[in-house]
Amino acid sequence: MGGMIELDRRHPLAVDLKSFGRRPGTMESGELTVPTPSGVGTEVMQVPEGSEMDLDLRLESLVDGVLASGTVHAVAEGSCVRCLRELTEPVEVDFQVLYVWPGGKNDPEAEPVDPETQEDVRELDGDLLDLVPAIRDAVVPTFPFQPVCTPDCPGLCDRCGEPLADDPDHGHEEIDPRWSALADLR
Ligand SMILES: [Zn+2]
Ligand SMILES: [Zn+2]
């Protein structure tokens with residue numbers, strides 16, 4: 001009963017459901033390696049567009065749509081907000097989204113979203129199941145607002161800009177401001 005998932009190559013990351021049975025109970029699963037779509041990240045941390053992303057994906061046909069669930073594996077890049085050192089962080093995050101058939105989401109007789117499971121609900125674009133928003137919504141909230149290389153990163157020296165972690169004891173000679181003005185003249 002389980003088929004293999006094939007991506008629609010005309011879209012960055014979408015499954016064409018034309019060949020996918022609408023009969024409840026139909027299931028497909030697969031492990032896919034795909035180029036990361038754009039926008040999977042924040043200002044300070046992101047999975048670079050085009051870098052390899054592994055997806056364990058499972059699609060299950062339900063009465064009112066298709067339940068997509070799985071795990072995203074990728075590597076995020078960013079920089080420490082204190083010392084600007086480059087960071088790479090492995091990403092492993094689960095997602096579960098119910099894609100309802102077009103028109104189903106606004107159907108007053110449709111089952112409401114279960115507040116217990118907080119299941120994410122999206123509407124299918126025709127026969128196209130676009131995974132990009134689901135992946136963004138799963139991955140981006142796992143990133144810290146203020147990534148740091150180590151929790152006690154001392155940041156940069158405010159005099160010379162060197163990372164203090166490299167040379168914690170370094171200091172700068174205090175120069176009398178009057179002498180400093182003379183030095184500037186030279
Ligand atoms: Zn740092
Ligand atoms: Zn310094």
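Computed from a predicted model, the values in this text were never measured in an experiment. Both ligands and their constituent atoms are indexed starting at 1 by order of listing.
Closer than 2.8 Å to the Zn ion (ligand 2) sit the protein N, O or S atoms Cys157 SG, Cys160 SG, His170 NE2, His172 NE2. Around the Zn ion (ligand 1), the protein atoms of type N, O or S found under 2.8 Å away are Cys80 SG, Cys83 SG, Cys149 SG, Cys153 SG, listed by chain and number.
For the pair Ala68 and Leu59, the tightest heavy-atom approach, listed with the atom from each and the gap, is CB-CD2, 3.6 Å. Gly78 approaches Met45 most closely through the heavy-atom pair N-CE, 3.9 Å.
By the 4.5 Å heavy-atom criterion applied to side chains, Tyr99 and Leu128 are not counted as neighbours.
In the hydrophobic clustering, Leu156 connects to Leu84, either directly or through intervening members, whenever side-chain heavy atoms lie under 4.5 Å apart.
Arg82 places no side-chain N or O within 3.5 Å of a backbone atom of Pro163 that could act as its donor or acceptor partner.
Here the rule is side-chain contact (heavy atoms from CB on, under 4.5 Å) with Phe95, and of Asp120, Val139, Val72 only Val72 fits it.
No single ILVMFWY cluster, assembled from side-chain heavy atoms under 4.5 Å apart, contains both Val140 and Val91.
In terms of the side-chain contact (heavy atoms from CB on, under 4.5 Å) criterion, residue partners of Val44 (sequence neighbours excluded) are, by chain and number, Thr42, Val81, Pro147.
Ion pairing between Asp166 and Arg85 holds under the 4.0 Å rule for side-chain N and carboxylate O.
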